[in-house]
Enquirer: 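Here you go, one structure.
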Amino acid sequence: MCDQRTILVRYNEIALKGRNRKFFEKTLLKNIKRSLPKDKGIKYRVPRGRIMIDLPTAVADEYADRLKKIPGITSYSIGITMDPDFDEIAALGVQWIEPLMQTGTEFKFCVNTRRSAKTFPQTSPEINMEVGSRIMSQLSTKGLVVNIKESQFTLEIEIGMSGTVVFHTREMGLGGLPVGSSGSVLCLLSGGIDSSVAAYQMACRGCRVHFVFFDNQPFLGRGGYDKVLKLSKIVNGYQRRAKLFVVPFQDIQVAIRDNCREENRVVLYRRMMYRIANEIATKYEMLGLVTGESLGQVASQTLENLAAVTCVTSMNIFRPLIAMNKEGIIKIAKEIETYDVSIQPQPDCCSVFMPDNPVTRGKIHFLENDEGKYPRNVLKEEALRDIETIKVDLL
Ligand code: ATP
Ligand code: MG
C-alpha cells in the first residue's frame with residue numbers, strides 16, 4: 001500500500017465570502033500549519049476551494065485528528081493522490097471494498113466524482129461509470145451492487161488542477177470561520193460551565209479569544225485559579241496564542257461588602273469586572289467582551305441587571321449563550337471537553353459575601369449611589385497594576 005496520504009480539507013463557509021476569500025484561506029492555512037509539526041515531510045497544496053496536505057501514511061491519522069479542533073474546516077478526508085487512471089483508481093477501490101464484503105451478502109456501493117479541472121476529457125458521470133464498471137467487473141460475482149441512494153461505501157474521486165485524490169470517508173470539522181479572521185475579543189472566564197462554551201463559540205466565529213479571570217484567593221483559595229488555567233488551556237486548543245489575565249479582586253469585593261447595600265453586591269462586582277475588562281481589552285486593541293451570561297439563569301442575569309452591567313462600557317458585549325438553555329450549553333461543554341473541569345466544586349468570586357436576597361432589577365441610580373461610597377477608581381487602578389498575564393500556549 002502507498003506510503004503517502006493526502007488530507008483533503010474543505011471549508012464551504014469561507015468559499016462564500018467573495019472578495020475576502022483569499023484572506024480567509026490564508027488565515028486557515030496558517031492555522032493548519034501552526035497545529036501540525038514543521039516537518040519537511042509535510043507539503044501543502046492550495047488549489048481553488050481546497051487545502052491539500054501531503055504527508056506520510058504513518059502520521060496521517062494522528063495529524064488529521066488535529067484538524068477536528070480548527071475552526072473554519074467543514075470536513076476533511078484522508079485519501080491518496082494518484083494519476084487519473086481509471087484502472088488504477090478501480091484497483092484501489094477493489095482493495096478498499098473487498099475486505100468489507102461478506103460472502104453471500106449483497107454490498108451496495110457507488111462512485112462519486114467531483115471534477116474541478118474542466119479540461120479533463122470525461123465528465124463526472126462518465127468517470128463514475130468508467131471506474132464503477134471496472135470495480136463491478138471484479139466484485140459483482142461476490143455480491144457487489146451499485147446503489148447510489150443506500151450506498152454502504154462511496155468511492156470518491158476529486159479531479160482538480162493540482163492532481164487527483166481518491167478517498168472514501170469524510171470526517172466532520174467544526175465549521176465556522178478561521179481564528180484570526182475576525183479580530184480579538186476578551187472573555188470573562190469563570191470556572192463555571194458557561195463562559196468556556198461562550199469563548200469556544202466566539203473562536204468558531206473567527207475571533208482570537210483572550211481570557212480575564214477575577215480572582216479572590218485570600219477568601220477562596222487557589223482552586224478557582226487552577227480551574228481557570230485548565231479551562232483556558234482547553235479552549236486555547238481551538239485557537240492558540242491566547243493570553244490569560246488574572247485580576248486580584250479581593251480588595252474590590254471587600255470594599256463593596258463594607259460600603260454598599262447588601263442586595264446590590266453581585267451587580268456591583270460585575271460592573272467592576274466589566275470596567276476592568278474594558279480597560280484590558282482597550283489596551284490590547286480587542287474589539288469586544290464575551291461572557292457566558294444566559295438570560296434569566298441567575299439573579300444577575302435578568303434583562304435589568306444585564307443592562308446595569310452593559311452600560312458601564314461602550315465596547316461590544318457578546319453573550320453567545322443568551323438564548324440557550326442549560327442542557328444545550330452542557331452538551332457543548334462535553335463535546336469540547338471543558339465539562340469535567342467545570343463541574344469540579346469551587347465557589348466563584350461572585351458568590352463571596354452573597355446576600356440572601358440579591359437584587360433582580362438593579363436600578364442604575366441606586367447602583368451609582370453605592371459606587372460613590374468606596375474608592376472605586378483607586379481600587380480599579382490597583383487591580384490593573386497587579387494583573388498577572390499568562391501566555392496560555394505555555395501552560
Ligand atoms: P459560568 O458557568 O460561566 O460560571 P454562571 O451561570 O455561574 O456562569 P455567573 O456566575 O453569574 O454565571 O457569571 C456570569 C458570567 O460572568 C460568566 O459566564 C463569566 O463570563 C463572568 N464571570 C463570573 N465570574 C467571573 C470571574 N470570577 N472571573 C471572570 N469572569 C467571571
Ligand atoms: Mg460562574
Side-chain angles (χ1 to χ4, degrees), residues 185-202 209-232 234-235 243-250 252-253 256 265-281 288-306 308-310 312-313 317-322 324-334 336 338-355 358-360 362 383 387-388 390:
V185 292
L186 181 63
C187 178
L188 284 74
L189 186 70
S190 69
I193 296 169
D194 305 331
S195 40
S196 303
V197 171
Y200 159 79
Q201 291 195 327
M202 292 306 286
V209 185
H210 301 280
F211 309 101
V212 57
F213 172 57
F214 296 90
D215 197 10
N216 187 342
Q217 289 201 30
F219 288 86
L220 295 171
R222 243 193 93 106
Y225 179 87
D226 288 337
K227 258 179 111 173
V228 164
L229 290 188
K230 285 185 198 155
L231 290 172
S232 59
I234 297 172
V235 178
K243 289 192 180 74
L244 166 64
F245 303 92
V246 181
V247 182
F249 205 51
Q250 62 278 1
I252 290 171
Q253 293 201 282
I256 291 174
R265 276 179 198 162
V266 179
V267 183
L268 292 171
Y269 297 160
R270 304 186 63 71
R271 281 164 64 95
M272 283 305 275
M273 288 184 183
Y274 271 63
R275 287 190 182 101
I276 292 170
N278 174 65
E279 301 263 342
I280 300 170
L289 304 182
V290 180
T291 79
E293 288 157 325
S294 164
L295 185 58
Q297 199 186 74
V298 287
S300 61
Q301 295 172 27
T302 60
L303 285 180
E304 288 85 349
N305 284 347
L306 291 172
V309 294
T310 304
V312 303
T313 163
I317 308 283
F318 301 112
R319 299 184 172 104
L321 313 184
I322 197 71
M324 288 183 74
N325 57 32
K326 199 77 187 184
E327 298 87 80
I329 299 170
I330 287 175
K331 185 167 174 280
I332 300 174
K334 288 183 174 164
I336 64 172
T338 52
Y339 183 74
D340 289 342
V341 178
S342 292
I343 57 168
Q344 287 162 16
Q346 172 64 38
D348 183 64
C349 73
C350 282
S351 60
V352 166
F353 322 131
M354 188 71 171
V359 68
T360 52
I387 283 178
E388 183 192 6
I390 296 168

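Model, not experiment: these values are computed from the prediction. Just follow the structure's listing: the first ligand is 1, and inside any ligand the first atom is 1. No hydrogens, no waters, no symmetry mates; every other heavy atom, side chains included, goes into these values. For this chain, numbers begin at 1 and follow the sequence in order.
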Enquirer: Which one of Arg319, Glu293, Arg270 has a non-hydrogen atom at the shortest distance from atom 13 (O) of ligand 1?
Expert: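 Looking at heavy atoms only, Arg270 sits closest to atom 13 (O) of ligand 1.
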
Enquirer: For Glu388, enumerate each residue passing the salt bridge (Lys or Arg N to Asp or Glu O under 4.0 Å) test, keeping only those at least two apart in sequence or located in another chain.
Expert: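 Scan of Glu388 (salt bridge (Lys or Arg N to Asp or Glu O under 4.0 Å), adjacent residues dropped) gives none.
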
Enquirer: Side chains of Ser195 and Ser190 only: does a donor on one sit below 3.5 Å from an acceptor on the other?
Expert: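 There is such a pair between these side chains.
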
Enquirer: May I ask you to check if ligand 1 and Thr291 share an N or O to N or O distance below 3.5 Å?
Expert: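 No; the residue has no nitrogen or oxygen that sits under 3.5 Å from a nitrogen or oxygen of the ligand.
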
Enquirer: Provide the number and element of each atom of ligand 1 under 4.0 Å from a heavy atom of Val212.
Expert: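 So the atoms of ligand 1 that pass are 29 (C).
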
Enquirer: So, is Phe214 polar-close to ligand 1, with some N/O to N/O distance under 3.5 Å?
Expert: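 Between Phe214 and ligand 1, an N or O pair is found under 3.5 Å apart.
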
Enquirer: Quick one: does Thr302's side chain have a donor or acceptor within less than 3.5 Å of a partner on Gly296's backbone?
Expert: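 No, Thr302 side chain to Gly296 backbone: no donor-acceptor pair under 3.5 Å.
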
Enquirer: What pair of heavy atoms forms the shortest contact from Leu186 to Ala277, and how long is it?
Expert: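 Looking at all heavy atoms of both residues, the closest pair is CD2-O, 3.4 Å.
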
Enquirer: By number and element, which atoms of ligand 1 are closer than 4.0 Å to a non-hydrogen atom of Phe213?
Expert: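 It comes down to these atoms of ligand 1: 27 (N), 28 (N), 29 (C).
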
Enquirer: Any side-chain heavy atom of Val309 within less than 4.5 Å of one from Thr291?
Expert: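 No, every pair of side-chain atoms sits at 4.5 Å or beyond.
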
Enquirer: With distance as the sole test, does Asn305 use its side chain to make a donor-acceptor pair with the main-chain N or O of Val359 at under 3.5 Å?
Expert: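 Side chain of Asn305 to backbone of Val359, a donor-acceptor pair under 3.5 Å: yes, one is there.
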
Enquirer: Using distance alone, decide if ligand 1 has a nitrogen or oxygen within less than 3.5 Å of any nitrogen or oxygen in Gly292.
Expert: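 Gly292 vs ligand 1: N/O contact under 3.5 Å present.
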
Enquirer: State whether the shortest distance between N or O atoms of Leu188 and N or O atoms of ligand 1 falls below 3.5 angstrom.
Expert: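 N/O-N/O distance below 3.5 Å exists for this pair.
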
Enquirer: So, is Met273 polar-close to ligand 1, with some N/O to N/O distance under 3.5 Å?
Expert: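 No, Met273 has no N/O under 3.5 Å of an N/O on ligand 1.
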
Enquirer: Below a 4.0 angstrom heavy-atom separation, can you tell me which part of Val228, side chain or backbone, both or neither, approaches ligand 1?
Expert: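 It is neither; nothing of Val228 touches ligand 1.
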
Enquirer: Hey, are Arg319 and Thr310 close enough side-chain-wise for a donor-acceptor pair under 3.5 Å?
Expert: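 Distance-only check passes for Thr310 and Arg319.
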
